[in-house]
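Structure record follows, encoded as structure tokens.
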Amino acid sequence: MKKTFYLSTPVYYVNGAPHLGHAYTTVAADTLVRYKRLSGWEVFFLTGSDEYGNKILRSAKDQKVTPFELVNKMVERFQNLWQTLSISYDDFIRTTEERHIRVVRNVFQKLLSQGDIYKGKYEGWYCVPCESFWLEGQLKEGGLCPECGRPAEIIQEESYFFRLSQYQEPLLDYFRQNPDFVLPRTRMNEVMKFVKSGLRDLSVTRLNLKWGIPSPIDEQHTIYVWVDALINYISALGYSLNETKLTKFWPANVHLVGKDILKFHAVIWPALLLALGLALPQRVFAHGWWKVNGGKMSKSQGRVIDPLQLAQDYGSDQLRYFLLREVPFGQDGTFSKSIFIKRINSDLANDLGNLLNRTLPLVTRYCQGKIPSPGEEKAEDKKLKEAVGAVFPRMELSMETLSFSVALTEIWKVVKLTNLYVDRNAPWQLTGKENKERLSRVLYQVLETLRILGLLLFPFIPPSAQKIWQQLGLKEDLEKQLFEKAGKWGGLIPGTEIQSAKPLFPRIKE
RNA sequence: GGCGGUGUAGCUCAGUCGGCUAGAGCACACGGCUCAUACCCGUGGAGUCCGGGGUUCGACUCCCUGCACCGCUACCA
């Protein structure tokens with residue numbers, strides 16, 4: 001039986017258009033699952049949309065549409081972006097779907113009946129005009145609402161609570177036994193500290209919120225959006241309805257999240273799972289943010305990057321590559337057009353694209369456009385071949401910890417080495433009859449390396465990798481390959497006709 | 001305030017157990033090549049390794065201290 005791999009992105013809150021951060025999480029997720037598929041795993045890759053809550057209600061009012069019309073429109077934009085970015089998700093779950101709502105209500109009911117959810121009173125600062133609760137620390141000086149600036153007041157309301165406090169010790173036990181549960185490590189420390197400092201029970205319903213899932217026994221109370229949203233990870237697998245997929249894929253191998261929503265995934269979600277008697281996910285990975293002009297991305301300050309626009313202007317693989325290569329996954333990064341363009345030109349156009357594009361014409365010219373036969377292997381040939389082979393174990397190591405930039409650096413070492421190999425062996429000088437065999441060997445070496453590079457790069461830049469294969473005359477679908485077979489040196493069959501060279505990554509003029 | 005982290009070439013960062021002239025990529029300068037997307041290859045310059053003190057035969061690496069910056073400190077999708 002195949003090993004299974006279940007990876008999720010968050011369900012994205014669709015009160016606005018997707019921005020670079022959404023693209024970042026999803027591209028990273030897609031790359032990881034593509035890598036796993038090539039490694040022979042059976043993958044379930046889930047993404048989706050979170051569609052309830054006050055903010056959406058308000059956005060809808062502002063735009064004079066119904067909330068449902070708003071989220072439908074936004075979901076379409078997200079899905080359109082995913083298609084543009086070659087995102088290969090297996091399922092897209094919307095929290096407004098019946099299959100999700102039923103599960104959320106079942107979960108609520110179960111927790112209620114076993115005493116993990118109880119009825120109590122919630123007390124807090126409340127702004128009446130905004131209909132929002134605030135924490136004391138969030139209020140502006142003088143107890144003013146941070147949103148409208150009017151005074152907030154303390155009110156009490158009935159609410160259902162989840163006994164989060166009960167799970168403090170079990171959570172800590174789990175953390176201690178799985179020190180890599182949260183990555184990067186510094187985030188694990190933060191979570192650990194937070195839990196140690198004491199957990200309070202969590203209010204999991206809101207009164208009079210009209211855009212949400214009503215609790216099963218008390219329709220006045222709407223289930224708190226976070227609880228609703230987190231459950232998507234099991235509702236998509238049919239928890240409490242049809243559990244075939246749940247049995248197969250649960251627990252999740254990785255929940256990929258932005259660092260802003262780490263605690264929900266590393267504390268509240270595991271606690272809910274413990275209460276439900278389900279296994280805990282293996283890993284939660286919190287990645288960093290892209291900063292623009294030195295600050296956090298924000299609409300009000302005009303610091304929003306539209307990933308769709310970038311993909312349309314410069315290419316979707318170019319964007320995928322940049323996001324994963326430029327910054328170590330987990331750290332914050334800086335986005336600017338000029339950094340972006342430099343990276344693309346230097347790595348994709350000059351190093352990789354040009355390698356392919358300088359080699360193919362030689363094959364056309366000296367080998368009648370056909371893959372030559374390898375012939376005798378010299379020491380330097382062997383060196384290149386071994387360097388190519390060495391990438392696989394290194395890549396496995398780095399992908400294990402989601403170190404995409406490291407994996408790409410490893411691949412690029414081979415790209416550079418191959419360019420060097422071409423220079424050293426100068427195939428364009430091996431034109432005489434006496435050199436024919438050597439010429440064949442040299443070109444075969446480079447072409448075969450390019451074939452394997454295509455395979456290695458497929459998780460990162462899928463359509464471009466496929467184009468590399470096409471230009472090499474390969475007709476197979478990269479999606480259906482396995483590292484185990486296709487990663488073996490010698491896959492190119494001499495005599496195969498190559499295609500004419502076409503620049504893969506045109507240089508971008510600044 | 002508490003806890004955690006960071007401070008290394010112009011820029012972004014690597015530097016495992018403390019050990020010979022501190023590294024990479026990009027940028028810059030010069031040279032080579034001319035198959036190619038004016039590309040690729042080679043050579044080179046520069047760094048008080050945040051400041052101060054200590055341990056040690058020896059510290060970028062360990063300890064103390066000062067400064068600067070960043071993160072977390074629950075109901076913000």
Side-chain angles (χ1 to χ4, degrees), chain A residues 10-16 21-22 49-56 95 122 124 132-135 137-138 146-147 159 161-162 164 184-204 206 224-230 257-264 267-268 286 288-289 325-328 331-334 339 342-343 345-366 405-406 409 412-413 415-416 418-431 442-443 446 501-509:
Chain A
V11 276
Y12 299 117
Y13 201 60
V14 285
N15 70 330
H22 296 119
S49 53
D50 179 13
E51 311 189 0
Y52 288 123
N54 253 326
K55 280 198 181 173
I56 286 189
T95 57
Y122 181 81
S132 318
F133 279 95
W134 303 104
L135 286 177
Q138 292 177 312
E147 225 169 80
S159 173
F161 285 85
F162 170 60
L164 185 59
R185 277 294 178 96
T186 59
R187 300 285 168 205
M188 180 80 263
N189 292 339
E190 285 175 13
V191 169
M192 189 87 102
K193 265 269 149 15
F194 173 75
V195 175
K196 271 187 190 159
S197 75
L199 295 177
R200 294 200 303 267
D201 287 352
L202 183 74
S203 160
V204 291
R206 296 288 181 271
Y224 174 44
V225 282
W226 258 113
V227 173
D228 156 17
L230 286 166
V257 301
K259 62 182 184 178
D260 49 331
I261 56 172
L262 174 61
K263 221 168 313 157
F264 297 96
V267 179
I268 296 173
W289 279 330
R325 172 59 238 265
E326 185 64 19
V327 170
Q331 292 183 25
D332 288 352
T334 304
I339 297 174
K342 245 174 217 156
R343 177 59 76 185
N345 278 345
S346 140
D347 294 6
L348 291 180
N350 296 351
D351 290 349
L352 175 64
N354 187 54
L355 174 62
L356 179 68
N357 202 60
R358 73 192 293 208
T359 308
L360 293 178
L362 295 171
V363 178
T364 306
R365 204 165 307 154
Y366 303 124
S405 62
V406 177
T409 306
W412 248 258
K413 278 184 193 162
V415 173
K416 284 165 189 278
T418 312
N419 268 319
L420 182 60
Y421 175 89
V422 173
D423 284 316
R424 292 263 160 85
N425 289 284
W428 52 90
Q429 284 171 7
L430 300 170
T431 48
V442 169
L443 289 180
V446 178
K502 269 191 216 111
L504 266 184
F505 307 103
R507 281 181 66 83
I508 303 166
K509 290 189 186 76

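Within every chain, numbering begins at 1; the chains are lettered A, B, ... in the order of the sequence lines, protein sequences first and strands thereafter.
Counting to the nearest Å, the C1' atom of C13(B) and the CH2 atom of W412(A) are 19 Å from each other. Atom pair K413(A):NZ and G25(B):C1' shows a separation of 11 Å (rounding to whole Å applied). Here C70(B) presents its P atom at 12 Å from NZ of K259(A), a figure rounded to the nearest Å. In this entry the distance linking CH2 of W289(A) with C1' of G71(B) reads 10 Å, nearest Å. Protein atom CZ of F194(A) is 7 Å distant from nucleotide atom P of A74(B), rounded to whole Å. Rounded to whole angstrom, the span from the CZ atom of R325(A) across to the P atom of C26(B) amounts to 9 Å. I56(A) has its CD1 atom 15 Å from the C1' atom of C76(B), to the nearest Å. Protein atom CG of N15(A) is 14 Å distant from nucleotide atom P of C76(B), rounded to whole Å.
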* Begin with the C-alpha distance, continue with both residues' side-chain angles, and end with the deciding distance and a verdict on side chain to side chain donor-acceptor pair (under 3.5 Å) for R206(A) and N54(A). => CA-CA 11 Å; R206(A) 296 288 181 271; N54(A) 253 326; over 6 Å; no

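Rounded to the nearest Å, the gap between the P atom of C11(B) and that of G7(B) is 15 Å. Using atom P as the reference point in both C13(B) and G32(B), the two lie 36 Å apart (nearest Å). Distance check on atom P: A22(B) versus U48(B) gives 13 Å, rounded to whole Å. Atom name P, nucleotides A9(B) and G51(B): the rounded distance is 11 Å, in whole Å. Taking the C1' atoms as reference points, U16(B) lies 16 Å from A59(B), given to the whole Å. Using C1' as the reference atom, U8(B) and C49(B) are 4 Å apart when rounded to the nearest Å. Distance noted for atom C1' between U55(B) and C64(B): 11 Å (whole Å). The gap from the C1' atom of G47(B) to that of C60(B) amounts to 12 Å, rounded to the nearest Å.
Under the rule for a side-chain contact (heavy atoms from CB on, under 4.5 Å), the partners of K263(A) that lie at least two apart in sequence or sit in another chain are F194(A), V267(A). Legend: residues meeting side chain to side chain donor-acceptor pair (under 3.5 Å) with D260(A), ordered by chain and number and at least two apart, are absent. For K196(A), the side-chain contact (heavy atoms from CB on, under 4.5 Å) partners at least two apart in sequence or on another chain are L172(A), R176(A), M192(A).
Listed by first and then second residue, the salt bridge (charged side-chain N to carboxylate O under 4.0 Å, His left out) pairs involving residues 347-356 of chain A are R325(A)-D347(A), R343(A)-D347(A), D351(A)-K416(A) (not counting sequence neighbours).
Nucleotide C40(B) forms a pair with G32(B), judged by Watson-Crick or G-U wobble geometry with both contacts under 3.5 Å. Nucleotide A59(B) forms a pair with no other nucleotide shown, judged by Watson-Crick or G-U wobble geometry with both contacts under 3.5 Å. Judged by Watson-Crick or G-U wobble contacts below 3.5 Å, the nucleotide C72(B) has G2(B) as its partner. Nucleotide G51(B) has U65(B) as its partner under the Watson-Crick or G-U criteria, with both atom distances under 3.5 Å. A27(B) is unpaired under the Watson-Crick or G-U wobble criterion, no partner having all donor-acceptor distances under 3.5 Å. The partner of C17(B) is absent, by the rule that a Watson-Crick or G-U pair needs both atom distances under 3.5 Å.
Between Y12(A) and D50(A) there is no side-chain heavy-atom pair separated by less than 4.5 Å. Side-chain contact between K259(A) and D332(A) is present, with at least one heavy-atom pair separated by less than 4.5 Å. Taking the side chain as every heavy atom from C-beta outward, L504(A) and N357(A) never approach each other to under 4.5 Å. Counting only heavy atoms from C-beta outward, the side chains of R358(A) and W428(A) approach each other to under 4.5 Å.
Considering only side-chain N and O atoms, K416(A) lies under 4.0 angstrom from the phosphate OP1 or OP2 of C26(B).
Within 4.0 Å (heavy atoms only), Y12(A) reaches no atom of the nucleic acid at all. Residue L504(A) is in base contact, counting any heavy-atom pair closer than 4.0 Å across all strands shown. Residue D351(A) is in sugar-phosphate contact alone, with no base atom involved, counting any heavy-atom pair closer than 4.0 Å across all strands shown. In this structure, G288(A) reaches neither bases nor backbone, as no heavy-atom distance under 4.0 Å exists between it and the strands shown. Contact annotation for L360(A): no contact, since no heavy-atom pair falls under 4.0 Å across all strands. The residue I261(A) sits apart from the nucleic acid: no heavy atom pair falls under 4.0 Å. Residue contacts shown for I339(A) are absent, as no nucleic acid heavy atom lies under 4.0 Å away. Among the atoms of the strands shown, base atoms are found under 4.0 Å from some heavy atom of V11(A).
Of the possible donor and acceptor atoms, none in the side chain of N425(A) sits under 3.5 Å from a partner among the backbone N and O of V442(A).
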Short heteroatom pairs, N/O only, protein and nucleotides 3-8 of chain B, under 3.5 Å:
unit_1: C3(B); atom_1: O2'; unit_2: K193(A); atom_2: NZ; d: 3.4

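In this structure, the nucleotide among A74(B), A14(B), C41(B) sitting nearest to the side chain of Q331(A) is A14(B).
Ion pairing between E190(A) and K193(A) fails under the 4.0 Å rule for side-chain N and carboxylate O.
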* Do nucleotides 30-36 of chain B as a string where each nucleotide becomes B, S or -: B if the base has a protein heavy atom under 4.0 Å, S if just the sugar-phosphate does, - if no protein is that close. => ---SSBB

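Of the inter-residue distances, the one linking Y122(A) atom OH with S203(A) atom OG reads 6.0 Å to the nearest 0.5 angstrom.
Of the two residues contacting RNA chain B, namely R187(A) and L230(A), the nearest-nucleotide position lying further toward the 5' end is that of R187(A). Toward the 5′ end of RNA chain B lies the nearest nucleotide of E326(A), the other residue of the pair E326(A) and N350(A) mapping further downstream.
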